[in-house]
Amino acid sequence: MIHSTPRLRFAPSPTGPLHLGGARTAMYNWALARSLGGTFVLRIEDTDRARSTDESLQIILQGLRWIGIDWDEGPKFDGCGGGDFGPYFQMQRLPRYLQAAEQLLASGHAYLCFCSPERIEGVRDAQKAAKSSFLGYDGHCRDLTAEQRAAAAATGAQPNIRFRMPAARVMNVHDLIRGDVEVNTKELDDWVMVRPDGVPLYNFACVVDDIDMKITHVVRGEEHFLNGIKQQLLFEALGEQCPLYAHIPLILNAKGAKLSKRDPGVMSVLEYRDQGYPPEAVFNYIALLGWGFSGDRDVFTRDEMVAAFQIGNVGKAGAKFDADKLHWMCGEYIRRWSAEQCLERARPWLAKSVPEQALAQHGTWLQNVVACYQERVAVLSEFPAKIAWLFADVPALDEAAQKNLAKHEGAKAWLSAYADELQGLNLPPSYPADRSAADRAVALPSKKDAPEPVCEFATPAQIDAATRAFTERIGAKFGHFVHPVRAALTGTDKGPGLFDVVFLLGKEACVKRLRAAAAG
RNA sequence: GUCCCGGUCGUCUAGUCCGGCCUAGGACCCUAGAUUUUCAUUCUAGUAACACGGGUUCGAAUCCCGUCCGGGAUACCA
């Protein structure tokens with residue numbers, strides 16, 4: 001290819017949500033453009049008027065931005081888009097297609113076809129019935145005389161325009177991923193370029209646009225491989241050089257078939273957003289579907305991906321989507337955030353269980369709360385349910401908690417004694433009182449080897465020491481003591497270290513919960 | 001049916017182009033253990049693959065052929 005500046009495009013049709021397959025195609029195009037120092041174009045192929053919707057368009061635009069993909073040219077959205085090769089919506093380029101169609105008609109590369117959809121269908125049925133090795137248009141109108149055309153037109157039949165395929169030419173095509181492949185054009189029929197109403201179809205509009213937009217590399221799903229042959233012929237007929245092609249393998253569902261919007265468990269990219277999947281993690285995960293960063297690393301940044309990405313290294317085999325690994329990847333990212341970052345990113349989901357007042361005025365406390373669960377969630381939407389116990393008057397006890405309370409004879413006595421003990425400690429106050437002094441001084445979760453923070457209130461480590469001394473005094477085994485206390489305080493048997501819990505809850509709430517459980 | 005592509009642990013992959021460094025590496029999942037007040041995290045260990053059959057070669061996961069299996073295409077969708 002002699003084109004100087006690499007120009008790549010992602011050309012979705014707005015007929016449905018952007019799912020992971022589309023997002024990955026966009027990403028590979030984007031990454032190749034970025035790694036080549038080229039231009040990335042977003043073009044909207046909206047010629048299927050029956051199915052294209054503005055809603056889908058919006059979803060695609062948002063989905064791409066969310067996952068971290070930006071475009072230099074295309075629809076203007078969120079700081080992206082613009083460009084001198086527009087319009088970037090095919091329905092706004094109709095005159096250009098008609099012009100190209102006229103040219104092809106004049107040169108004999110295309111012809112008018114008056115066949116009705118019913119006739120086409122009949123031909124196909126007959127071919128199937130005859131077990132024909134060829135399925136497709138039979139070329140009925142391929143060599144109509146001027147008189148025959150006039151006669152057909154006189155009946156009021158609206159012709160579509162078909163591309164005249166070479167009868168039996170062996171095409172040797174080079175694909176950046178598949179290598180050299182030979183295809184005989186006799187496998188392909190005379191395909192429709194323009195509908196009777198003047199709206200172009202995919203293969204035709206796509207080529208005209210790729211020419212006009214000076215596209216140099218086409219990266220797309222392998223379902224387009226044969227379209228590539230048709231398009232190559234069209235470039236030739238138009239006297240243009242065709243771009244480089246890379247047909248990437250499909251993302252497969254659990255059954256091993258092409259991922260479809262209707263597959264269970266397969267979501268629109270935006271649904272991942274709404275469920276709190278970190279976009280960097282989703283980006284990272286789908287990059288791995290069909291491509292490997294290196295022999296020993298799976299986690300990398302967008303920049304690292306761009307630097308390492310080579311289209312020739314994309315595999316040829318389809319990849320199954322693995323929700324488990326995506327989940328792991330998300331947790332991996334969340335754990336790497338600072339507590340501040342984590343709180344900010346989790347904030348949109350918190351309102352489900354966190355009172356407005358806490359959200360607005362108790363940031364330092366919430367930051368500690370969230371930090372305690374940072375290594376316990378994979379997606380952000382898990383937060384509200386996990387931290388709800390903090391805001392209950394007295395938490396509801398789940399089954400495990402009830403069990404732990406009933407396990408040891410003297411447990412209830414321990415609880416009220418411990419309430420007295422905590423009463424005597426200088427614990428931080430409980431929400432909604434202002435406890436910012438405590439939360440500013442102590443960063444949770446407590447780490448074993450961390451230096452002891454300077455705090456005017458009892459720190460988790462001090463509470464720990466006091467509690468161990470206390471259990472010795474009352475003659476309870478520490479390991480036994482801890483479980484009913486956790487049950488009383490949090491209503492469950494899981495969660496942060498017990499003394500982080502006590503610290504977070506504060507004096508009044510701890511005492512209240514312990515007494516309630518002791519009485520219950 | 002026809003054409004095209006593919007096939008390394010259950011899954012995603014490294015290695016394949018330029019055969020020996022591969023008694024096939026990493027990750028997810030799973031199992032066991034360590035740490036610990038629970039869960040989680042972290043760490044350690046383990047299970048587990050070159051689809052099958054021929055050939056070429058001193059030597060094949062890597063090259064060739066065949067078989068099987070899988071996927072894609074075959075639209076007035078993209």
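In the text below, chain A, chain B and the rest are named by the order of the sequence lines, each starting its count at 1.
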Aromatic contact, [X] with [Y] (centres under 6.0 Å):
X: A:H217; Y: A:Y28; value: no
X: A:F383; Y: A:W349; value: no
X: A:Y277; Y: A:Y285; value: no
X: A:Y245; Y: A:F225; value: no
X: A:W291; Y: A:F309; value: yes

Starting the side chain at C-beta, find the nucleotide from [options] nearest to [X].
X: A:D298; options: B:C4, B:C3, B:A27; answer: B:A27
X: A:L250; options: B:G72, B:C12, B:C77; answer: B:G72
X: A:W328; options: B:U37, B:C28, B:C4; answer: B:C28
X: A:V192; options: B:C77, B:C76, B:C12; answer: B:C76
X: A:K316; options: B:G72, B:U37, B:G6; answer: B:G6
X: A:D493; options: B:U38, B:U41, B:C12; answer: B:U38

Base, sugar-phosphate, or nothing: which does [X] touch, judged by heavy atoms less than 4.0 Å apart?
X: A:H327; answer: nothing
X: A:S116; answer: base
X: A:C372; answer: nothing
X: A:S133; answer: base
X: A:F499; answer: base
X: A:N227; answer: base
X: A:T467; answer: nothing
X: A:P249; answer: nothing
X: A:G256; answer: sugar-phosphate
X: A:P196; answer: base
X: A:E182; answer: sugar-phosphate
X: A:R220; answer: nothing
X: A:K448; answer: sugar-phosphate
X: A:G290; answer: sugar-phosphate

Open item on the list: Could you tell me if A:T490 and A:T492 have a donor-acceptor pair between their side chains, going purely by distance under 3.5 Å?
Closed with: no
Hey, does the side chain of [X] come within less than 4.0 Å of [N]'s phosphate (OP1/OP2), counting only N and O?
X: A:K258; N: B:A73; value: yes
X: A:K325; N: B:C28; value: no
X: A:R195; N: B:C77; value: yes
X: A:R486; N: B:C39; value: no
X: A:R468; N: B:U37; value: yes

Separation of the [atom1] atoms in [N] and [M], to the nearest angstrom:
N: B:C52; M: B:C69; atom1: P; answer: 15 Å
N: B:C9; M: B:G26; atom1: P; answer: 16 Å
N: B:G53; M: B:U62; atom1: P; answer: 13 Å

TODO: For A:H224 and for A:V183, find the nucleotide of RNA chain B with the closest heavy atom, then tell me which residue's nucleotide is more 5'.
DONE: A:V183
Open item on the list: Judged by each residue's nearest nucleotide on RNA chain B, which is more toward the 5′ side, A:K131 or A:G495?
Closed with: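 Looking at RNA chain B, the more 5' nearest nucleotide goes with A:K131.
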Atom pair distance, as rounded to whole Å: [atom1] in [X] and [atom2] in [N]:
X: A:Q374; N: B:U42; atom1: CD; atom2: P; result: 12 Å
X: A:I229; N: B:C4; atom1: CD1; atom2: C1'; result: 9 Å
X: A:E332; N: B:A40; atom1: CD; atom2: C1'; result: 13 Å

Open item on the list: Is any side-chain heavy atom of A:R9 closer than 4.5 Å to one of A:C206?
Closed with: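 Of all side-chain heavy-atom pairs linking A:R9 with A:C206, at least one is under 4.5 Å.
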Task: A:K403 and A:E399: CA distance, side-chain angles, deciding distance, salt bridge (Lys or Arg N to Asp or Glu O under 4.0 Å) verdict - done: CA-CA 6 Å; A:K403 234 181 182 171; A:E399 211 176 303; 5.8 Å; no
- [ ] Establish whether the base of B:C39 is bridged to the side chain of A:R376 by a donor-acceptor pair shorter than 3.5 Å.
- [x]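 Flag set: donor-acceptor pair detected.
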